[in-house]
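Start at 1 with the first residue, then count along the sequence. In this text, all values refer to a predicted model and were calculated from it rather than measured experimentally.
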Amino acid sequence: MHIAAKIDQLALWHGDRTAIVDSFGAWSFRQLHERITRFGNAMHGLGLKAGDRIALLVPDIREYLEADYGAMAAGFVRVPIDPRLTRRDFVALLRHAQARALITHPDFAKKIEGLRLETETLKWIIHIGGGGIGLDYEDLLGRASDQALTERHESDLASLNFSGGTTGSPKAVMLRHRNLMAVAQNTIAGFDISARSVFLNVRPLWPIAQVILMAHLFAGATVVLGGPFDPEQLQQQIQQSGATRTSLVPTQLVRALDHWRPNDEQLRRLEAIYVGGSRIPPPVFERAFELIGARIGVLYGMTEAPVTCYLPPESLASDALRRRQLMESVGHELFGYQVRIAPSAETPAEATGEVLIRGDNVMAGYWQDDPATGRALRGGWLHTGDIGWSDGSGNLYIVGRLNDVIRSGSSNIIPKEVEDAIGTHPAVSEVAVLGVPDIEWGEAVTAFVVLKPGMGASEADLVKHCREQLAGYKKPRAVRFVASLPRSHYGKVIRAELLAQAGKL
């Protein structure tokens, strides 16, 4: 199914029911459908053709969603942009995508000054909120037709999402309508989303993780745009919005837990907090369970294959031993997908291997990068670069990345094992371990450690602590104490930045 057909269905099935709520009020599914249709017709009225790329540099406001879905429904290819990018990186992404139009906002006025002089293909700049150089968004929509959009095909390209890599340059992932609809359909079924669900969104709208928001809308649920994440206000937002679901990255979960109490009345209606993007440290998971019970749902996916696996909250409502085991898991693959572990000589343990994925959620490839596409898509499977293993129940466990495996001397070391050992030291708040280039060892096991406020530990203390838990060759050869760990929007540690701090990049 094409997204346009689904948008038509939503207006027909749910009509006057509330689709989106924000600080300015509510839109029904019928109103959202009309705005999406007008947006698509407005872009066609400017002379844009099916397949043209439309970039989105917009804050987390409702207009983002209507432009996002409107671009895809009208046959264009949406290109979501991370607002935190430098001007140089922003221009590079526009050039690579060969964007024909840019939807933007006065918040980014400085970033787009003189933009057309630096991009060969960009013809239109459309401003939400007015006041900028270019066309006025509301004026365009007001003059556009609400006539039904031309029917398209599910094999059409829908989106170019730049991958959120932690070590290399981002690549533009091509997702077709078939991919996004499969993700939405399987997320609705696997997460048990219904029209009675209320989803509170406090995460940015541009990353691929927002397919979860899309799935809620496509299920007829209500989406509440809560603005930027505020750990002090989250429980109040949940109560006031009547939210039954929300989504956080692990770092946000940690900050939210600091403000929650056991059996908090404000969280009474909450059914699930979806957590993904990076690993949840077991102590954080245990603390969350003590405060809110079995309400954490863990998901696994990537830009190249969104929302592949899910561990539902009810899985954790088991005996303590089994719960502790499952806290390290990302659950089963969703219906319609396949996951298998491919043995690799590069993985240290016999039971581990590279995680491969097959299914309709897998990307079509990388935009204008056939060599990278060929390396990732082989034999009908997406080779993820993740290292994992599967238990007797088919639950997937992710232990690292092939690119992150430390090759020290003649040994291969998975950073997670060292991180887990250091993380048990009472003075340690956060830790990231990676291989730093070394003349003698090839790569030296190096730990970057954030200490808890008011607590202390020396390099010798932590090395001794590791020696008591790990084989000698796995202990860190250096410990660097840092104020914080650089993280992506998904909460993943950006290892390239740590290498740069170490002067090895």
**Message:** Check whether Thr104 reaches the backbone of Leu57 with its side chain - one donor and one acceptor, N or O, closer than 3.5 Å.
**Reply:** yes

**Request:** Mark yes or no for whether Gln235, through its side chain, and Gln266, through its backbone, hold a donor-acceptor pair below 3.5 Å.
**Result:** no

**Message:** I need the full list of salt bridge (Lys or Arg N to Asp or Glu O under 4.0 Å) pairs touching residues 253-272, with sequence neighbours left out, sorted by first then second residue.
**Reply:** Arg196-Glu271, Arg245-Glu271, Asp258-Arg287, Arg261-Asp264, Glu265-Arg268

**Asked** For the side chain of Ser329 and the backbone of Leu396, is there at least one donor-acceptor N/O pair under 3.5 Å apart?
**Response** yes

**Asked** Judged by atom type as modelled, is there a donor-acceptor pair below 3.5 Å linking the side chain of Asn186 to the main-chain atoms of Leu334?
**Response** no

**Prompt:** Hey, is the main chain of Ile494 close enough, under 3.5 Å, to the side chain of Glu497 for a donor-acceptor pair?
**Reply:** no

**Prompt:** Looking only at atom types and distance, does a side-chain atom of Arg87 sit under 3.5 Å from a main-chain N or O of Glu113, one as donor and one as acceptor?
**Reply:** yes

**Asked** Is a side-chain donor-acceptor pair under 3.5 Å present for Gln210 with Asn201?
**Response** yes

**Message:** Holding to ring pair (Phe, Tyr, Trp, His ring centres under 6.0 Å), I want the full list of residues that pass it with Phe218, two or more places apart in sequence or in another chain.
**Reply:** none

**Exercise: do Tyr310 and Glu333 side chains pair donor with acceptor under 3.5 Å** = no

**Request:** Return yes if some donor-acceptor pair links the side-chain N/O of Ser408 with the main-chain N/O of Glu443 below 3.5 Å, else return no.
**Result:** yes

**Request:** Tell me, yes or no, whether the heavy-atom count around Asn263 atom CG, taken from other residues, nucleotides or ligands under 6.0 Å, exceeds 12.
**Result:** no

**Thr424 side chain to His465 side chain, donor-acceptor N/O pair below 3.5 angstrom** = yes

**Message:** So does Ala376 get a backbone contact from the side chain of Arg378, meaning a donor-acceptor N/O pair under 3.5 Å?
**Reply:** no

**Lys464 atom NZ, over 12 foreign heavy atoms within 6.0 Å** = no

**Prompt:** Is the backbone N or O of Leu65 less than 3.5 Å from a side-chain atom of Asp68, with the two atoms forming a donor-acceptor pair by type?
**Reply:** no

**Request:** Give a yes/no verdict on a cation-pi contact between Arg323 and Phe289, requiring under 6.0 Å between NZ or CZ and the six-membered ring centre and an angle within 45° of the axis.
**Result:** yes

**Backbone of Gly226 reached by a side-chain donor or acceptor of Gln237 within 3.5 Å** = yes

